[in-house]
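Report on one structure; see the data block that follows.
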Amino acid sequence: MRIILMGPPGAGKGTQAKVIAERLSVPAVSTGDIFRANVSAETELGLEAKRYMDAGDYVPDEVTNAMVRDRIAEDDAAQGFLLDGYPRTVAQVAELDAMLADAGQSLDAVVVLTVDKEEVVQRLLKRAQDEGRSDDTEDVMRHRQDVYTEQTAPLIEVYDERGLLVEVDGMGAVDDVTARVFDALEKTNGAPAS
Ligand code: ADP
């Protein structure tokens, strides 16, 4: 299975990505996590990415695209992967299309978690307290929501036109959301239930 998981900041993508990927026995590839690991390790990529991330802006496409291309070319992703946080721009969609075409692969589904805006803000404020992420301040948070609306929300239509879109209610308990995702995937193209 090759799946994209989408949703606004705070929709619970990271949490769901790990659970879903494990059940499908594919790696969860989170661009946010890869960037954060690079920031922690103070790599060149991390230093470059950090200024954008701290401001709530997207890291430039060339940087992100190259990183994803390398990651999904690794052996563990040969049979499938779940992308969390990529693609996030129309240009990244085109780049991912090219990567998949080069490898003779295609996408199976694009899962979008839909959430209530107010609940998302509450979740993010809680995460700011619990994890102390440097991009979880209120101003940056708001900016990230705007960037999502402007640059990433349009991707939903792109994938809908391709017949790949699976919209799932992301509200409520983690397990309930996971169950909804698998129900929805089974209805589309028979993803294994376990
Ligand atoms: P969230 O899910 O809360 O939006 P992520 O952990 O997915 O956060 O991403 C954190 C930050 O990493 C983003 O705000 C952005 O700066 C950067 N980032 C992650 N994925 C991408 C991407 N596909 N393109 C550009 N920047 C990205």
Side-chain angles (χ1 to χ4, degrees), residues 2-21 27-41 43-72 77 81-100 107 110-117 119-156 158-159 168 170 174 177 181:
R2 292 184 184 82
I3 298 181
I4 294 171
L5 186 62
M6 279 181 62
K13 287 191 302 292
T15 308
Q16 291 299 329
K18 289 186 186 76
V19 185
I20 298 164
V29 174
S30 159
T31 44
D33 283 353
I34 300 173
F35 283 133
R36 278 186 291 277
N38 277 275
V39 170
S40 298
T43 65
E44 205 174 312
L45 174 72
L47 293 176
E48 158 124 46
K50 187 173 168 32
R51 1 182 219 132
Y52 298 98
M53 294 171 74
D54 283 352
D57 288 321
Y58 287 167
V59 176
D61 283 341
E62 320 81 79
V63 177
T64 311
N65 287 333
M67 187 177 87
V68 172
R69 187 179 272 277
D70 287 349
R71 178 63 188 89
I72 65 176
F81 49 72
L82 185 148
L83 290 173
D84 159 22
Y86 184 92
R88 258 179 158 106
T89 65
V90 172
Q92 290 179 11
V93 171
E95 189 64 24
L96 177 62
D97 287 342
M99 288 178 214
L100 292 170
L107 290 171
V110 177
V111 177
V112 179
L113 297 179
T114 57
V115 286
D116 175 86
K117 209 169 177 181
E119 173 152 337
V120 161
V121 173
Q122 295 309 319
R123 280 185 188 175
L124 288 173
L125 288 171
K126 185 171 182 303
R127 184 169 75 185
Q129 280 179 345
D130 296 349
E131 295 177 20
R133 253 173 63 164
S134 56
D135 59 351
D136 271 348
T137 66
E138 194 162 346
D139 282 355
V140 173
M141 228 179 258
R142 255 186 244 291
H143 181 61
R144 280 165 53 218
Q145 304 276 2
D146 291 345
V147 173
Y148 177 85
T149 305
E150 280 162 27
Q151 302 205 43
T152 306
L155 274 55
I156 293 173
V158 171
Y159 285 121
V168 174
V174 170
V177 177
V181 169

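Bear in mind that the values here come from a model prediction, so they are computed numbers and not experimental data. Values reported hereafter were calculated over all heavy atoms of this structure, with side chains retained and with hydrogens, waters and symmetry mates removed. We count ligands from 1, going down the list as the structure has it; atoms in each ligand are counted the same way.
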Exercise for review: May I ask whether M6 has any heavy atom positioned less than 4.0 angstrom from an atom of ligand 1?
Suggested key: no
Check your understanding: For atom 14 (O) of ligand 1, what's the nearest protein heavy atom and its distance?
Key -> R144 NE, 4.0 Å
Practice item. Starting from the C-alpha separation in whole Å, work towards a yes-or-no answer on side-chain contact (heavy atoms from CB on, under 4.5 Å) for L155 and V90. Key: CA-CA 6 Å; L155 274 55; V90 172; 3.9 Å; yes
**Study point:** Proximity of R123 to ligand 1 by residue part, where a heavy atom lies under 4.0 Å
**Key:** neither
Revision key, fill the gap. for atom 8 (O) of ligand 1, nearest protein heavy atom and its distance come out as R133 NH2, 3.5 Å
Point to revise | T64 and Y58 side chains, donor-acceptor separation under 3.5 Å | key: no
Point to revise | Under 4.0 Å to a heavy atom of T64 - the qualifying atoms of ligand 1, by number | key: 22 (C), 23 (N), 24 (N), 25 (C)
Review point. What about T31: any of its N or O atoms under 3.5 Å from an N or O on ligand 1?
Key: yes
Review point. Does the side-chain contact (heavy atoms from CB on, under 4.5 Å) test come out yes or no for Y86 and V29, once each step is laid out?
Key: CA-CA 9 Å; Y86 184 92; V29 174; over 6 Å; no
Exercise for review: Give the numbers and elements of all ligand 1 atoms closer than 4.0 Å to a heavy atom of G32.
Suggested key: 5 (P), 6 (O), 9 (O), 19 (C)
Practice item. Hey, could you give me the CD/OG1 distance between Q92 and T152, rounded to the nearest 0.5 Å? Key: 7.5 Å
**Study point:** Nearest-contact summary for atom 23 (N) of ligand 1 - protein heavy atom, Å
**Key:** G85 O, 2.8 Å
Study note, to complete from the structure: On a heavy-atom basis, the closest approach of I4 and P87 is CD1-CD, 3.5 Å
Practice item. For atom 10 (C) of ligand 1, grab the closest protein heavy atom and report residue, atom and distance to one decimal in Å. Key: R36 NH1, 3.7 Å
Review point. In terms of heavy-atom contacts, does CG of D139 have more than 12 from other residues, nucleotides or ligands at under 6.0 Å?
Key: no
**Study point:** N/O separation below 3.5 Å, P9 to ligand 1
**Key:** no
Check your understanding: Can Q122 and K126 be said to form a side-chain contact (heavy atoms from CB on, under 4.5 Å), step by step?
Key -> CA-CA 6 Å; Q122 295 309 319; K126 185 171 182 303; over 6 Å; no
Review point. What about D33: any of its N or O atoms under 3.5 Å from an N or O on ligand 1?
Key: no
Review point. Any N or O on D57 sitting closer than 3.5 Å to an N or O of ligand 1?
Key: yes
Review point. Run the side-chain contact (heavy atoms from CB on, under 4.5 Å) check on L45 and V63 step by step: do they pass?
Key: CA-CA 8 Å; L45 174 72; V63 177; 3.2 Å; yes
Revision key, fill the gap. Note: F35, heavy atoms under 4.0 Å from ligand 1, region reported as side chain
Review point. For Q92 and ligand 1, does the shortest N/O to N/O distance drop below 3.5 Å?
Key: yes
Exercise for review: Give the single entry among M141, R88, K13 that approaches atom 7 (O) of ligand 1 most closely by any heavy atom.
Suggested key: R88
Practice item. Could you tell me whether D130 and R127 make a salt bridge, using a distance below 4.0 angstrom between a side-chain N and a carboxylate O? Key: no
Check your understanding: ligand 1 and V59, any nitrogen or oxygen pair closer than 3.5 angstrom?
Key -> yes
Point to revise | From M141 atom CE to Q145 atom CD, the distance as rounded to the nearest 0.5 Å | key: 8.5 Å
